[in-house]
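As the structure is a prediction and not an experimental result, all values here were calculated from the model.
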Amino acid sequence: MSVYVGIDVHRKRSQIALVGQDGEVQVNRNVPNSVETVLGVIGDLPIGTPVAFEAAYGCGWLVELLEDYGYEPHLVHPLQCKAIASARLKNDKVDAATLGQLLRADLLPEAWIAPLDVRQQRALLRHRFQLVRLRTLLRNRIHAVLADLGHTRPTGGCFTGPGRVWLAGLPLPDASRHVVDDLLAVMDALQPPIGVLDKELAALARGDPRTTALMRLPGIGTLTALAIVAEVGDIRRFPSARNLASWAGLTPTVRNSDRTVHHGHISKQGSPWLRWIMCEAAQTAKRHPLFAPGYQDMTRRRGKKIATTAVARKLLTHAYHVLREVHDQQATSHHKPGVHRSTHTATHSG
């Protein structure tokens with residue numbers, strides 16, 4: 001008899017429900033998050049048993065556990081799981097059982113589970129971006145200290161060679177000097193790990209034809225191309241460029257009633273990292289002849305912020321077609337006589 005598992009995942013504990021083929025809830029237990037406790041509930045189930053859980057903070061360990069032990073993980077889109085979101089009675093037991101019931105009825109709004117290599121590449125890139133954000137925060141704090149004391153930044157900035165010399169010789173009150181020196185020390189400590197990450201990521205980019213192709217687009221450098229590849233994953237899961245832009249949260253919300261249609265701001269749903277990196281790339285791309293006329297026209301009508309977001313959406317559309325083209329070329333070369341399967345697989349996985 002088939003069993004369907006629903007897990008309501010939380011930071012420290014999870015609710016696990018086992019639902020039989022007839023819809024009866026056989027088990028509904030709350031356990032601490034660990035391999036041993038989860039296997040204590042589902043460990044006797046056969047390999048291939050389907051398990052549903054919502055995409056939530058800190059659920060990566062559960063994906064790896066299920067994959068390692070041969071279960072079939074189903075990642076649920078939380079905003080689209082209306083049976084849970086609109087339930088009148090809402091608690092962990094109900095949520096876990098509902099996930100199992102939706103899985104049994106094949107009604108789950110599923111999200112894509114990225115393979116381990118893609119998850120690892122995402123982790124490296126996000127770690128690098130967060131370190132750089134931290135460095136920028138420290139720089140801004142130094143600028144704030146200087147501005148508060150009426151000091152104007154020198155030409156070229158405070159953090160070049162001459163700028164650091166200028167900063168060291170600046171007469172500052174004792175407390176302000178202490179703050180600035182501490183911030184500079186932390187900034188300097190961040191540079192070695194950022195440098196190591198840059199080398200690792202550059203090596204990843206050289207081995208992936210998708211990043212090389214993406215870097216031909218305006219505004220897209222090595223790290224941006226790698227981030228697009230890692231966040232998008234398998235381009236085949238998006239049937240169109242608009243579908244990808246929607247997943248990145250770069251399409252406007254639409255509300256309609258009868259014959260009236262209202263277009264609002266971008267949805268900001270989906271991948272915040274892809275949305276952020278595309279908006280960063282758009283800051284450069286908007287000056288390129290491919291995007292400049294449209295950007296200038298949109299700026300006059302809607303303002304710079306909306307115009308830049310529009311460039312980000314168009315740039316992602318171009319990226320979609322580039323990734324589809326690379327995939328199709330790889331698929332064609334794979335089917336040519338004399339091309340070994342393992343060669344294609346290594347190239348495609350990047």
Side-chain angles (χ1 to χ4, degrees), residues 60 114-143 153-165 167-168 180-235 244 248 250 271-288 308 311-312 315-316 318-320 322-323 326 330 346-350:
L116 180 60
D117 60 332
V118 174
R119 299 200 298 267
Q120 289 295 297
Q121 186 167 321
R122 286 178 179 177
L124 274 182
L125 283 158
R126 292 173 183 181
H127 179 49
R128 195 267 182 192
F129 292 146
Q130 287 169 331
L131 290 180
V132 172
R133 284 181 178 179
L134 177 56
R135 185 176 65 186
T136 301
L137 173 66
L138 297 171
R139 288 179 173 180
N140 290 340
R141 290 185 64 185
I142 291 175
H143 290 154
R153 284 178 281 174
T155 304
C158 304
F159 308 110
T160 60
R164 292 290 287 263
V165 172
L167 200 54
V180 168
D181 288 347
D182 283 352
L183 293 172
L184 288 172
V186 178
M187 279 176 51
D188 292 341
L190 288 173
Q191 192 52 48
I194 290 174
V196 170
L197 285 167
D198 284 345
K199 290 181 180 178
E200 292 181 18
L201 293 169
L204 281 175
R206 285 193 296 271
D208 193 331
R210 295 170 294 178
T211 60
T212 304
L214 286 171
M215 286 166 62
R216 300 191 187 104
L217 294 173
I220 296 183
T222 303
L223 290 174
T224 303
L226 277 172
I228 294 171
V229 167
E231 295 299 326
V232 170
D234 188 349
I235 192 61
L244 173 58
L250 287 171
S271 170
W273 289 99
L274 182 59
R275 183 167 59 254
W276 169 73
I277 201 68
M278 296 313 302
C279 289
E280 289 292 304
Q283 298 292 345
T284 300
K286 66 188 181 184
R287 296 190 289 270
H288 190 274
T308 302
V311 172
L315 186 59
L316 185 57
H318 285 274
Y320 172 85
V322 167
L323 291 173
V326 172
Q330 291 181 327
T347 305
H348 180 67
S349 65

* To do: Give the intermediate values and the outcome of salt bridge (Lys or Arg N to Asp or Glu O under 4.0 Å) for residues R126 and E231.
  => CA-CA 10 Å; R126 292 173 183 181; E231 295 299 326; 2.9 Å; yes

* Asked: Should M187 and F159 be marked as a side-chain contact (heavy atoms from CB on, under 4.5 Å) after you check the CA-CA gap, both sets of side-chain angles, and the distance that decides it?
  -> CA-CA 10 Å; M187 279 176 51; F159 308 110; 3.7 Å; yes

* **side-chain contact (heavy atoms from CB on, under 4.5 Å) evaluation trace for I220 with R216** => CA-CA 7 Å; I220 296 183; R216 300 191 187 104; over 6 Å; no

* Asked: So L217 and H288, side-chain contact (heavy atoms from CB on, under 4.5 Å) or not? Walk me through it.
  -> CA-CA 10 Å; L217 294 173; H288 190 274; over 6 Å; no

* Asked: Under the side-chain contact (heavy atoms from CB on, under 4.5 Å) criterion, do L125 and I277 qualify, and how do the steps go?
  -> CA-CA 11 Å; L125 283 158; I277 201 68; over 6 Å; no

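Interatomic distance, OG1 of T308 versus CE of M278, reported as 12.5 Å (0.5 Å rounding). Summarising the geometry, atom CG belonging to L124 is positioned 11.0 Å from atom CZ belonging to F129; distances are rounded to the nearest 0.5 Å. Taking CG from L201 and CZ from R128, the interatomic distance works out to 7.5 Å, rounded to the nearest 0.5 Å. Atom NE2 of H127 and atom CG of L197 lie 5.0 Å apart (nearest 0.5 Å).
The two residues A248 and L274 have their closest heavy-atom pair at CB-CD2, 3.8 Å. Heavy-atom minimum distance, V326 versus A213: CG2-CB, 3.7 Å. Of all the heavy atoms in Q330 and P209, the pair that sits closest is NE2-CG, 3.3 Å. When all heavy atoms of T224 and A281 are compared, the pair lying nearest together is CG2-CB, 4.1 Å. In this structure, V311 and A285 approach most closely via the heavy-atom pair CG1-CB, 4.2 Å. Closest approach of T222 and A205 over heavy atoms only: CG2-CB, 3.5 Å.
Side-chain contact between V229 and L226 is absent, with no heavy-atom pair separated by less than 4.5 Å. Within the 4.5 Å cutoff, no side-chain heavy atoms of R210 are placed close to those of V232. Contact of the I142 side chain with the L138 side chain is not registered, since no non-hydrogen atoms from C-beta on lie closer than 4.5 Å. Looking at heavy atoms from C-beta onward, T284 lies out of side-chain contact with E280 at the 4.5 angstrom threshold.
In the displayed structure, R153 atom CZ is contacted under 6.0 Å by at most 12 heavy atoms of other residues, nucleotides or ligands. Within 6.0 Å of the CZ atom in R141, the count of heavy atoms belonging to other residues, nucleotides or ligands does not exceed 12.
At distances below 3.5 Å, at least one donor-acceptor pair connects side-chain atoms of R119 with backbone N or O atoms of A114.
Screening L250, L323, L316 for a side-chain contact (heavy atoms from CB on, under 4.5 Å) with L244, the sole residue that qualifies is L316. Only one option out of L137, V132, T136 pairs with L134 in a side-chain contact (heavy atoms from CB on, under 4.5 Å); it is L137.
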